[in-house]
Amino acid sequence: MSKFWSPLVNDLVPYVPGEQPKMANLVKLNTNENPFGPSPKVIEAIQAELNDSLRLYPDPEGESLRKTIAGYHKVKPEQVFLGNGSDEVLAHIFYGLFQHGEPILFPDITYSFYPVYCGLYHIEGKRIPLNDRFEINPDDYAQPNGGVIFPNPNAPTGRYLNLSEVEKILQANPDRVVVVDEAYIDFGGESAIRLVDDYPNLLVSQTLSKARSLAGLRVGFAVGHPDLIEALNRVKNSFNSYPLDRLALAGAQAAYEDEAWFRKCCDGVISERERLTEALEGLGFEVLPSKANFVFARPQSKAGEALAQALREQGIIVRHFNKPRIDQFLRITIGTPEQNDALIGALELM
Ligand code: PMP
């Protein structure tokens, strides 16, 4: 704290992102990036954009990319909102679409940015416990609230809620915005985007950081009723009119134009996830069923934190959360076959 700080900053409890170690040759399975890398067409498109046009501001509306994403998801461009990663999209959602005076509902084990945004915007959050199988129970979301948000699949559990269950939450809250954060939807789940025309209170957010391997480019988006999108545009234009730079717009566009690469990456992650799950179970781990690009697994004998530390000493980084109920678990990002082999090999010797 310093005398120069605003009182608003004194009270902030910021999000702590996963570690990005500088050492080479690490088996980095801690922040749910895609091990297969972006499409070569993305690199080409970004290189082609490195020219004199960089002196000009980018399109503030990202119209061309919004059209592409809308076409891909069979919605209208005015139903798409772009942001600098889905974290920024979520920040604008918390500011622009959640009501004050009643709590925002989210699972008690979930993405830890949600309570941070509640703190930033001075809105109350209420954590709704997961059931004993670490699942979201839709019936628990039928209570007074200022808005609802949950990831599907949930993070860090990887557990997925069927669309009929998502609809129960939407139907219980016709006067509140329900946000489905689909950062991990492409690894086996079905997107709620196909419900947006039936539910004016539904907003779905997605990212290009995971299945499209572009965490470094920072592109995310939300899809919903044009009224919801208009509120988000108001917030955006009061904050940063140009969330996506020219390189990000070009790269994201190219990512959508290489469906074959996208499918290959998703299929690769899914098949490696099944293989890693079996191997971990063979080693005595309890592994929650996952539809994400990570697994959440509890070792039989060793404590979670000690195991994460032992792996780190072997150059393998996984994520451990020092939180009640999940402190015995490790969240392990699905790596390349070679990375997963390295992990399995190290665990076999422990
Ligand atoms: N939602 C969830 C559930 C996540 O795990 C993440 C990644 N940390 C994000 C959103 C944000 O992703 P990005 O800002 O890279 O789009």
Side-chain angles (χ1 to χ4, degrees), residues 14-20 28-35 38 42 62 65 69 80-94 104-118 120 125 127 130 134 136 148-161 166 178-189 191-193 203-223 232 236 239-240 243-245 248-249 251-252 255-256 269 288 290-296 317-319 321 323 326 329 331-334:
Y15 176 74
V16 182
E19 192 190 350
Q20 294 291 346
K28 187 177 174 307
L29 305 176
N30 65 329
T31 46
N32 298 342
E33 288 127 338
N34 191 320
V42 170
L65 179 59
I69 291 175
V80 179
F81 175 80
L82 300 174
N84 189 13
S86 55
D87 280 342
E88 188 182 84
V89 174
L90 296 173
H92 291 353
I93 292 170
F94 272 73
I104 308 310
L105 309 183
F106 46 82
D108 65 338
I109 298 169
T110 197
Y111 188 31
S112 35
F113 230 131
Y114 305 155
V116 172
Y117 289 136
C118 284
L120 178 62
R127 297 165 200 262
L130 299 177
F134 292 92
I136 290 171
V148 175
I149 182 164
F150 58 92
N152 198 30
N154 195 7
T157 63
R159 297 230 55 166
Y160 170 73
L161 203 59
V166 172
V178 174
V179 181
V180 186
D181 173 352
E182 294 189 339
Y184 302 103
I185 196 65
D186 295 311
F187 304 106
S191 173
I193 291 180
L203 196 69
V204 180
S205 76
Q206 289 199 1
T207 178
L208 278 73
S209 299
K210 311 295 178 182
R212 291 180 199 269
S213 302
L214 291 173
L217 206 60
R218 311 304 301 128
V219 184
F221 62 93
V223 179
L232 296 177
K236 167 183 89 79
F239 179 72
N240 172 8
L244 292 192
D245 61 57
L249 286 169
Y256 274 90
V269 167
L288 298 189
S290 170
K291 288 246 190 267
N293 66 343
F294 54 85
V295 290
F296 205 47
I317 305 198
V318 300
R319 192 85 188 256
F321 298 89
K323 290 188 184 164
I326 56 169
F329 281 84
R331 192 195 67 189
I332 306 170
T333 303
I334 308 303

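First listed ligand is number 1; within each ligand, the first listed atom is number 1. Basis for what follows: all heavy atoms, side chains included, without hydrogens, waters or symmetry-related copies.
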Provide, to 0.1 Å, the distance between atom 8 (N) of ligand 1 and the closest protein heavy atom, together with that atom's residue and name.
-> Tyr111 OH, 3.3 Å
Aromatic ring centroids of Phe329 and Phe134 under 6.0 Å?
-> yes
What protein heavy atom sits nearest atom 3 (C) of ligand 1, and how far off is it?
-> Asp181 OD2, 3.4 Å
Centroid-to-centroid, Tyr160 to Phe187, below 6.0 Å?
-> no
Plane angle bin for Tyr111 and Phe113 - parallel if under 30°, tilted between 30 and 60°, otherwise perpendicular | perpendicular
Give the numbers and elements of all ligand 1 atoms closer than 4.0 Å to a heavy atom of Gly85.
-> 14 (O), 16 (O)
Among all protein heavy atoms, pick the one closest to atom 12 (O) of ligand 1 and tell me residue, atom and distance.
-> Ser86 OG, 3.3 Å
Check: Tyr114/Asp181 side-chain N/O donor and acceptor closer than 3.5 Å = yes
Can you list the ligand 1 atoms lying under 4.0 Å from a non-hydrogen atom of Ser209?
-> 13 (P), 15 (O), 16 (O)
Out of Tyr184, Phe294, Tyr114, indicate the one that has the non-hydrogen atom closest to atom 5 (O) of ligand 1.
-> Tyr184
Quick one: do Arg218 and Glu88 make a salt bridge, cutoff under 4.0 Å?
-> no
Atom 7 (C) of ligand 1: which protein heavy atom is closest, and how many Å away?
-> Lys210 NZ, 3.4 Å
For side-chain contact (heavy atoms from CB on, under 4.5 Å), just list the numbers for Leu214 and Val219, CA-CA rounded to whole Å, side-chain angles, deciding distance to a tenth of an Å, and then say yes or no.
-> CA-CA 8 Å; Leu214 291 173; Val219 184; over 6 Å; no
Applying a 4.0 Å heavy-atom criterion (strictly less than), which segment of Arg218 is in contact with ligand 1: side chain, backbone, both, or neither?
-> side chain
Asn152 side chain to Leu161 main-chain N or O, any donor-acceptor pair under 3.5 Å?
-> yes
In terms of atom number and element, which parts of ligand 1 are under 4.0 angstrom from non-hydrogen atoms of Asp87?
-> 9 (C), 11 (C), 14 (O)
